[in-house]
Amino acid sequence: MTEPAHSAEPRSRVERYDPTAVEPAWQARWAEARLYDTDLSDTSKPRHYLLTMYPYPSGDLHIGHWYIVTPTDAIARFRRMHGLNVFFPIGFDAFGLPAENAAIKNGGHPFPWTMQNIEKMRRQFRTMGATFSWDHEVVTADPAFYRWNQWLFLRFLEHGLAYRKKSPVDWCPNDGTLAREQVEGVDRHCWRCGALVEKRDLEQWYLRTTAFADELLDFTGLDWPEPIRTQQTNWIGRSEGAEIDFTTAPSGHHQEHETLRVFTTRPDTLFGATFMVLAPEHPLVAALTAPERRAEVDAYIEQARRRTEIDRMSTDRDKTGVAIGAEAVNPVNGEHIPIFIADYVLSGYGTGAIMAVPAHDDRDFAYARQFGLPIRRVVATPGTDADSPVEDAYIAHAADEQLVNSGRFDGLSADEGGRRIVAALAESGAAQPKVTYRLRDWLISRQRYWGTPFPIIYCPTDGIVPVPDEDLPVRLPETVDYKGSGSNPLDHDEAFLHVECPRCGGPARRETDTMDTFIDSSWYWFRYLSPAKDDGPVDRALVDAWTPVDQYTGGAEHAVMHLMYSRFWTKAMRECGLIGEGEPFRRLFNQGQILGADGERMSKSRGNVQDPDELVQRYGADAVRLFLMFMGPWDQGGPWSPTGIGGVSRFLNRIWTVALDAHGREPGDPASGVLAAGETEAAARDALRAAAHRTLRDVTADYEAFHFNTMVAKLMELSNTLFRYRGTPVAGGPEWDETLRLLLLMLAPAAPHITEELWSRRQVAAGRPWTSIHLESWPAVDEAATTESTREVPVQINGKLRDRIVVAADADQDTIQGAALAAPRIVAWLDGRVPDKVIVAGGGRLINVVLRDG
RNA sequence: GCCGAAGUGGCGGAAUGGCAGACGCGACGGUCUCAAACACCGUUGAGUGCAAGCUCGUGUGGGUUCGAAUCCCACCUUCGGUACCA
């Protein structure tokens, strides 16, 4: 370490700050001193589990990773300074599509590709100076981790939370199942081979997320951002309504009185049902279709299967559909209505069939218009002609609206009428109240190699047989032959495929699907607590002590999938008696996303990835960390631009200068080293100390609220204040010294290296042994130092600023009002007129003089 | 389409019912230097005025209020998610 250069020579220069030398040296020293090891069994301090979403090992740590991680690290350091025992682990979400794509393309294996990427990212992570508990790292592609996915899956199976069902996937004849992003163009072709994508029905595994639908709607005790809670609530989409059984009318081509069950949220509009629509996939379509309609119906079904769900749900495109040549009978009045199939009805929601009430539903209205079907009003406000033509679907719920055209239910309110209609039909079993959810069970089967194998064996005699716990893990084979195709190589891996049935010992076949990677991220934070544990997935005592996670940080793009699956999985583990609590994350913060310079998501394929390494080389990790925090609000993100990093770099250099060269003067500034005209030395000392403590008060609040951008701005102001006093008699005095000390402590969580270096030099200068600034306590605000004797009050006339007055800090409202009305410029504006009103706002913070026709 | 979010100087942003533009970038002017770079100091929303100042100004249009970037209604644009990217 160099000695601090405290020179009395006015034009002295200290050596320039060189982050490339300082930062790695401190990183090594911290690691050596094991400064950030967390003792999970330490109960002497309050525990704080700080979690940030673990990265996918794409191979390069880009600036987006820094944006997620380095402010979170600042939180970790800030909390440690408050005496908390902070656990801040990291790991890698190592299964997934990109590794597989690389292997297919280059003829390799996903495993080494992934592990090399992880190795590189670990090195890059270390340059951040982050305080990770590396000895708790989890890599999900390690059998030591995914073994427990298998084990947990088997527990869920035992508890009825996992089941098997046939469902369609996007299928390419050459490359097998495709992800949504692998289907391109309006004609929906395969990204790799260009073949047209079709749907294929496969038996697949599901997890019963809907079992917890109501519990997932309950956010009690969770401090989560409201937009996320709203998105999850809407995603679950609870709707109350009724199931109503229509029957089919007699016809020559099918059996009469087949039951057609519909779900509706508006049973009150049952008399307004003028047609029925089935999803094209509805199981009765084939049986009900009239022979002369069959060709057209089959063609429509084929066409619907090629559309995406988003496309199908779009309400602004023209409605399509075909009549199937059959009729349904309305149970409430025996009316016969035609049956259609249309792709705006989805098979996965409700019963896959709707009664269409065009007068009171937008989509039904559009369909009726398109196909010239009758529209009958059944709800109206009093005074509306019940039979006037309906120009627009009328949906709004007015308090006084009543049923019309509804037989004996006419005149009832919509709510009451709906209840009575359901009750009346319920007597004959033709209706019952029903709650449905938009939420679907979680399809976890993937027709891919690079994931957790299902611990399932199919035996010709015993059927579906779980792999016994003692045979876990079912390992992925270490050699793999993709044959240049995207389809799952496990399907033709003879050694993997053939297995003895654990029950009968006969020849059997392994499940070749693997698990969705969202499974890994649904419980990885539990595993961080005991990553090496080999007799169970979690250490119950540690889980009880450390979870729910106190603070989770990560992107809002995970609002409904990862963040919902994690809540489900935690509840499912609780249901199996493995843990005690049902919520994973007590407090959540969603930071924004850093986009490429082009405003698009950063990705290797777009070529817009920003590598932080060269910025770190040039400006240092502290400058990069600070710049990312300073750019804007953390929850906002935005397109990447390095413009402005010079500003924070300059800020750090100024701190370096004031800290090491208090008495130096700037030759470029003629006023340097001189107090402002009229400022006494005593006043300057007070002003400096007041600035320091006000900054401390505000910066503390900013850290608490994760308002890092304003936190940095306030520290810049304080360093500017110090710079202004540099070289004056105030510099180097006790107030100066206190201010500098506070500045370093406040900056330490955000810029850990430079503050440690300067802290260390102060200790050397004072002849004390080294102790890390990162083991210091957060300083306390001296409230007395922050008070002022006078303050400025803006005076407005009709809301426009016209003057400012200075009053004593403790002046009462009457005094302030009097002073405001006596201010020369206000007197001139009033020009003898008497104000209509004078508003003293915010306890005397502002005066507004109201002058009508002024 | 549906769900969620965001629109403020040349740029990133601050202010979430009370002084619009903190802090920083860029630009311009200056100091230092033999010079350049670095560094430092100052100016910088638009219009108008010799000036004090005045007028306008927070995506668009309307509304509430003594007072609106902030609250309400309608719309426009951009971003995230939309169940096999993670």
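Every chain is numbered from 1 and lettered A, B, ... according to where its sequence line falls, protein lines coming before strand lines. These figures come from a predicted structure and were not determined experimentally.
Base orientation of B:rG9: syn (glycosidic angle within 90° of 0).
Contact between the side-chain N/O atoms of A:R180 and the OP1/OP2 oxygens of B:rC85 is not found at any separation under 4.0 Å. The phosphate of B:rC40 (OP1 or OP2) has a side-chain N or O of A:R654 nearer than 4.0 angstrom. Contact between the side-chain N/O atoms of A:K800 and the OP1/OP2 oxygens of B:rC56 is found at a separation under 4.0 Å.
Atom P of nucleotide B:rA83 and atom CG of A:L443 are separated by 11 Å, given to the nearest angstrom. As a whole-Å value, the separation of A:N101 CG from B:rC85 C1' is 10 Å. Atom CD in A:Q204 sits roughly 12 Å away from atom C1' in B:rA83 (whole-Å rounding). When the P atom of B:rC3 is taken as reference, atom CZ of A:R440 falls 17 Å away, rounded to whole Å. Rounding to whole angstrom units, CE of residue A:M711 and P of B:rG13 are separated by 17 Å. Rounded to a whole Å, the CZ atom of A:R726 is 13 Å from the C1' atom of B:rC41. Between the CD1 atom of A:I236 and the P atom of B:rG4 there is a distance of 14 Å, given to the nearest Å. Look at CH2 on A:W450: it is 18 Å from C1' on B:rC84, rounded to the nearest Å.
Distance noted for atom C1' between B:rG13 and B:rA74: 29 Å (whole Å). For the C1' atoms, the distance from B:rC32 to B:rG21 is 32 Å, rounded to whole Å. Here, B:rG10 and B:rG45 have their C1' atoms 10 Å apart, quoted to the whole Å. Only the C1' atoms considered, B:rC3 is 24 Å distant from B:rU16, to the nearest whole Å. The same atom, C1', is picked in B:rU8 and in B:rG42; the two are 26 Å apart, to the nearest Å. Atom name P, nucleotides B:rC28 and B:rU78: the rounded distance is 34 Å, in whole Å. Using atom P as the reference point in both B:rC79 and B:rC19, the two lie 33 Å apart (nearest Å). For the P atoms, the distance from B:rA15 to B:rG24 is 15 Å, rounded to whole Å.
Cation-pi check for A:R654 over A:F723 is met; the charged atom lies under 6.0 angstrom from the ring centroid and within 45 degrees of its normal. Under a cutoff of 6.0 Å and an axis angle of 45°, A:R448 and A:F95 do not form a cation-pi pair. Within the cation-pi definition used here (under 6.0 Å to the ring centroid, within 45° of the axis), A:R438 qualifies as a partner of A:W235.
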Just the atom pairs and distances: protein N or O near nucleotides 70-76 of chain B's N or O, under 3.5 Å.
none

What are the atom names and distances for every N/O pair under 3.5 Å that joins the protein to nucleotides 18-28 of chain B?
| from | atom 1 | to | atom 2 | distance (Å) |
| --- | --- | --- | --- | --- |
| B:rG18 | N2 | A:N848 | ND2 | 3.4 |
| B:rC19 | O2 | A:R804 | NE | 2.5 |
| B:rC19 | O2 | A:R804 | NH2 | 2.4 |
| B:rG24 | OP1 | A:N720 | ND2 | 2.9 |
| B:rC25 | OP1 | A:R650 | NE | 3.2 |
| B:rC25 | OP1 | A:R650 | NH2 | 2.7 |

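Residue contacts for A:W829: at a heavy-atom cut-off of 4.0 Å it reaches the sugar-phosphate backbone alone, with no base atom in range. Backbone-only contact: A:F723 has heavy atoms under 4.0 Å from sugar-phosphate atoms and none from a base. At a threshold of 4.0 angstrom between heavy atoms, the contacts of A:S445 include nucleobase atoms, whether or not backbone atoms are also involved. When heavy atoms are screened at a 4.0 angstrom cut-off, A:H558 is found touching base atoms of the nucleic acid. Nucleic acid contact class of A:P55 (heavy atoms, under 4.0 Å, all strands): none.
Considering A:D520, A:T140, A:T517 as possible partners of A:N149, the one that fulfils the side-chain hydrogen bond (donor to acceptor under 3.5 Å, both in side chains) test is A:D520. Residue A:W442 is tested with A:W205, A:F212, A:Y206, A:Y565 for a ring pair (Phe, Tyr, Trp, His ring centres under 6.0 Å); the sole match is A:Y565. Partner of A:D170 under the salt bridge (charged side-chain N to carboxylate O under 4.0 Å, His left out) criterion, chosen from A:R180, A:R200, A:R188: A:R188. With respect to A:R446, the side-chain hydrogen bond (donor to acceptor under 3.5 Å, both in side chains) criterion is satisfied by exactly one of A:T514, A:T452, A:D516: A:D516.
The number of heavy atoms from other shown groups lying within 6.0 Å of NE2 (A:H707) does not exceed 12. By the neighbour-count criterion of 12 heavy atoms within 6.0 Å, atom CZ of A:R802 is densely surrounded, having more than that number from other residues, nucleotides or ligands.
Looking only at distances, a side-chain donor or acceptor of A:S672 sits under 3.5 Å from a matching main-chain atom of A:E666. Remark: the backbone N or O of A:I645 is not paired with any side-chain donor or acceptor of A:S649 at under 3.5 angstrom. Remark: side-chain polar atoms of A:W450 are paired, donor with acceptor, to backbone N or O of A:A94 under 3.5 angstrom. A donor-acceptor pair is defined here as one N or O able to donate and one able to accept, closer than 3.5 Å; such a pair exists between the side chain of A:H189 and the backbone of A:E184.
A donor and an acceptor atom, one from each side chain of A:S485 and A:N174, are nowhere located under 3.5 Å apart.
With sequence neighbours excluded, the residues forming a salt bridge (charged side-chain N to carboxylate O under 4.0 Å, His left out) with A:R804 are A:E792, listed by chain and number. Residues meeting the salt bridge (charged side-chain N to carboxylate O under 4.0 Å, His left out) test with A:R724, sequence neighbours left out: none.
Residue A:V560 has its side chain nearest to B:rG81 when only B:rG81, B:rC84, B:rA86 are considered. Counting only heavy atoms from C-beta on, A:P633 has its side chain closest to B:rG13 among B:rC84, B:rG12, B:rG13.
Residues from residues 228-235 of chain A lying near RNA chain B, meaning a heavy-atom separation below 4.0 Å, are A:T230, A:Q231, A:N234, A:W235 in numerical order.
Ranked by how close their nearest RNA chain B nucleotide is to the 5' end, A:G638 and A:R802 are led by A:G638. A residue-by-residue look at A:H707 and A:Q447 shows that A:H707 has its nearest nucleotide of RNA chain B further toward the 5' end.
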Reading 5' to 3' and counting Watson-Crick or G-U wobble pairs with both distances under 3.5 Å, write the dot-bracket notation for RNA chain B, | for bases paired outside the strand.
(((((((..(((.....[....)))((((((.......))))))((((....))))..(((((..]....))))))))))))....
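For B:rC79, the base has no donor-acceptor partner in the side chain of A:Q593 [N/O atoms by modelled type, under 3.5 angstrom].
Ring pair A:W113/A:Y56 is tilted by interplanar angle, where 30° to 60° counts as tilted.
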